Structures are given as C-alpha cells and as structure tokens.
> 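This structure is in structure tokens; I'll ask about it shortly.
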Amino acid sequence: MRGSIGIRKAKRINEDVPIIGIVREIKPAKNGFIVDVEDEDDCISVYVSKDVDSSIMNDEVIGIVGRKNKELFIAKNIVRPDIPIERKRETLKEEKYVLFISDLHVGSKSFLEEEWRKFIRWLNGESGNERQKKAASKIKYAIISGDLVEGVGVYPDQEKDLEVEDVYEQYKWLSEKLSEFPPDIKIVLQPGNHDAVRPPLPQPPLERDIRMLFKRGGIFFVGNPCYLQIDNATILSYHGQSIQDFASNLPGMNQNNPTKIMKEMLKRRHIAPIYGGITSLAPEREDYLVIDIVPDIFVTGHVHVACIESYRGVILVNASAWQKQTDYQKMMNLLPDPAKAIVVNLANFNGSLIGF
C-alpha cells in the first residue's frame, strides 16, 4: 500500500489508486457487497465482489486498490495489514517448556476434579510415560489465560451450577489448587469474562484484595490481553472473547475451530475489531487490542477447545478447559474438548498436547 492516497483525493482521480480506511458499514449487493469506508477526512462507498473478498468485517482497517466509477469505487484488490510471511525465531540451547491451560472455572459443579488430580500428578512427575515425565520436569512457566474461576452472575440462572457461591471463596479454592504446582514453576494468571474484573476489553489484572488470597510465590497477575517476554519468546496471551464475533461475522468460521479465527486476527492485526458486537469493548483513548508486535506464540482460551497450529511462523495455541459441558454451553453450541495441557518447548518451539 505504499503511495496510498486519501479518499477525498481518490474521488477526483480516474485511474487505479490505493486507499486505506476503516469499514463503517457493509451492505449486500449483487454478487458482492457495498462497503462504506472512511478515513480521517472523507467517506466512500466501495463495491467489492465476492471474487475479490467475502470476509470483510465492520470496523476493520483495510487497504483497497481500485478506481472511481460514477458514485462507486470499484475494488480490484483488498489488502490487510497481516504479519510477515517469514520471520526468524530465537531458540534456546537448553530445553525449557511453557505450559498453557485455560478456563479452570474453579467453583463450578462441572469442574473436572478427578482429571485435575491426574494433571497435578503428571506435573509433579508422578505419572505418565518417560517422555511425558521428561516434559513435565522441564516446565518452567505456566500461562493460565482466563476464566480462572466460575464467577457469580455471569449468565442467567448460573447459581444452580455453582459449587461455591462466593467469588472470594472461589479464588481461595483456586489458590489451593495452584499451590500444588511444583514450586519452581512461575505462573501467569490472566482474567477472562467469568473473573471478578470489568467485562469490557481490555481487562485489568485481578484486584489487590483478590491477589492477596494467593499464598504461593511466583505468581504474576496480568491483564487481558497481554504481551509477555519469557526468555527468548514473545507471547501474546488473550482470553479470546471475540472469537465468537469472528465466528458469527465471517463465512466458514466456527467457534469450535478457534485457531482458524486466530489467523484472521493476525491478518487484521487486531484482536477484536468489531465495536458493538458480542464482545464488550471499553472506549479507551488508545487501542490496546491492536497486534502491534508480532508474537512468537499467540494463546487464547474461552471456547474450551484444545488445539495447536502455526501461521507464518507464529505458534497458535487454544488452551483447553477444566470444566465439562454445562447446559448453558450446550445452548451456546460450545463443544468442549477439556482436560488437556499444551506444552511448547522454547528450545525449538515444538508443541505437544497431553490429555488427562
């Protein structure tokens, strides 16, 4: 998009030109869409045929190559910020593993206590085959990306699903469970939509009165989303609330296939572009949801699915849940794949999935 010009100037030129703008509105049209795009000075209606692009979202920033034809700008190509095709990663000489889990939902009647006990035994080197025990012994960091507890009043009639009805007691119970981790593992705790922080993104870390409930050392409390620098790896950790916005607005997307949606986030360099959708966004002066730094690892949770993939050299991880399917999840067509841990070796960025 080098040499792109403003929309106001593009309206006066009768040749192919590149423009950049934010999508204001999308309307169906014959064999495509009419997309209203604006920049800081002007707005223009752009015809985009389905052959050119069928996956434009409200509020995303796009580049358009095309030309003015009467009242419409006819798009010949749609360009997104995306991430570089190739990138170099720094590897470590010694093996160190990062553990990724999410959506513990401690305090829920559906919490998978027996599977969690198996997971803790493996983490402490008490179960598994030799390869799994070796991996467990080399885990130095654990990232838990949101929905740490079940929370209170998150969805209608939630009280019937609660084992523990006080949110502070839920965090005390979580503290006890994390105290069972080996002491040399550093733990990163990130909030999600079930946690006791404000619902809109970006979410701040857990408040001080909740942090004080955790007696174990080596716990780091971060916001949602958050960049982490861990040894040689830049990690973007995000609970994943907007996965459902992408699933409901883009053709061919499904919330139960989250890594496909994570690729779309990277293509747009934005975690949650749609304002006024399912995901609540705070109108901050600065947009903290822009993916300005390309991570080595991008991790989400939220949809209770365990999967690992790669896109242009970025490791995509959707961390598994520790809660079986509830009636509410069934109603939301959420198909959990719970009780799984994903580990990534920082020496070579190879990932493994271990089921419990």
Side-chain angles (χ1 to χ4, degrees), residues 1-87 201 225 236 242 245-253 260-279 281-295 298 311-314:
M1 299 303 294
R2 284 192 183 93
S4 60
I5 62 175
I7 288 173
R8 185 171 295 169
K9 185 177 179 181
K11 286 181 174 180
R12 302 194 299 267
I13 299 176
N14 190 28
E15 61 183 50
D16 287 359
V17 291
I19 61 173
I20 297 172
I22 188 168
V23 177
R24 189 167 75 177
E25 189 178 2
I26 305 169
K27 295 166 282 194
K30 188 176 180 181
N31 297 322
F33 311 91
I34 302 295
V35 182
D36 290 340
V37 178
E38 64 183 9
D39 62 14
E40 292 179 335
D41 299 314
D42 209 342
C43 179
I44 195 168
S45 293
V46 182
Y47 173 73
V48 183
S49 76
K50 289 180 179 176
D51 292 334
V52 171
D53 198 301
S54 61
S55 61
I56 296 174
M57 298 174 69
N58 273 330
D59 305 321
E60 71 166 310
V61 174
I62 54 174
I64 306 167
V65 179
R67 72 165 60 194
K68 183 80 163 33
N69 182 1
K70 296 180 182 178
E71 296 304 312
L72 284 176
F73 192 84
I74 309 300
K76 294 186 176 179
N77 192 19
I78 300 295
V79 181
R80 291 190 170 81
D82 217 325
I83 61 173
I85 294 174
E86 291 183 8
R87 52 194 307 273
L201 295 176
L236 173 56
S242 61
D245 284 290
F246 278 83
S248 57
N249 283 275
L250 292 184
M253 296 293 154
K260 191 175 180 181
I261 291 173
M262 293 166 73
K263 290 178 189 177
E264 296 300 320
M265 293 179 186
L266 290 174
K267 288 176 185 178
R268 289 162 175 79
R269 298 294 286 265
H270 205 286
I271 278 168
I274 297 177
Y275 191 85
I278 299 167
T279 306
L281 304 179
E284 301 284 352
R285 187 175 294 276
E286 181 180 345
D287 190 348
Y288 295 101
L289 308 180
V290 173
I291 304 175
D292 48 355
I293 302 167
V294 180
F298 180 21
Y311 175 67
R312 294 190 169 187
V314 177

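These figures come from a predicted structure and were not determined experimentally.
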> Could you tell me whether the side chain of Val46 reaches within less than 4.5 Å of the side chain of Phe33, counting heavy atoms only?
no
> With a 4.5 Å limit on heavy-atom distance, are the side chains of Val37 and Cys43 in contact?
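The answer is no; the side chains never approach within 4.5 Å.
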> If only atom types and distance count, is the side chain of Asp245 paired as donor or acceptor with the main-chain N or O of Gly277 below 3.5 Å?
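Not at all, since once roles are kept as given, no pair shorter than 3.5 Å links the two residues.
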> Can you sort out the partners of Asp287 under side chain to side chain contact (heavy atoms under 4.5 Å, CB included), two or more places apart, ordered by chain and number?
His270, Leu289, Val290
> Could you tell me if the side chain of Lys267 sits less than 4.5 Å from the side chain of Tyr311, heavy atoms only?
yes
> Do Asp36 and Lys27 meet the salt-bridge criterion of a basic N to acidic O distance under 4.0 Å?
yes
> I'd like to check Arg269 versus Val61 (side-chain heavy atoms, cut-off strictly below 4.5 Å). Are they in contact?
no
> With sequence neighbours left out, which residue pairs that include part of residues 75-85 fulfil the salt bridge (charged side-chain N to carboxylate O under 4.0 Å, His left out) condition?
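Of all non-adjacent pairs touching residues 75-85, those that pass salt bridge (charged side-chain N to carboxylate O under 4.0 Å, His left out) are Asp16-Lys76, Asp53-Arg80, Glu60-Arg80, Asp82-Arg312.
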> In terms of side-chain heavy atoms, does Asn31 have a donor or acceptor partner in Ser49 at a distance below 3.5 Å?
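Ser49 and Asn31 do not have a side-chain donor-acceptor pair below 3.5 Å.
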> State, yes or no, whether a side-chain contact exists between Val79 and Ile64 at a heavy-atom distance under 4.5 Å.
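No. Closest side-chain heavy atoms not under 4.5 Å.
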> Going through the distances and angles, do Arg67 and Glu15 end up as a salt bridge (Lys or Arg N to Asp or Glu O under 4.0 Å)?
CA-CA 5 Å; Arg67 72 165 60 194; Glu15 61 183 50; over 6 Å; no
> Is it the case that the side chain of Asp39 and the backbone of Gly6 share a donor-acceptor pair, with hydrogens and angles ignored and the cut-off at 3.5 Å?
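Not at all, since once roles are kept as given, no pair shorter than 3.5 Å links the two residues.
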> Strictly below 4.0 Å, N to O, side chains only: are Arg268 and Glu264 in salt-bridge contact?
yes
> Just verifying a value: how many Å separate Ile274 CD1 and Asn58 CG, rounded to the nearest 0.5 Å?
6.5 Å
> Strictly below 4.0 Å, N to O, side chains only: are Lys11 and Asp42 in salt-bridge contact?
yes
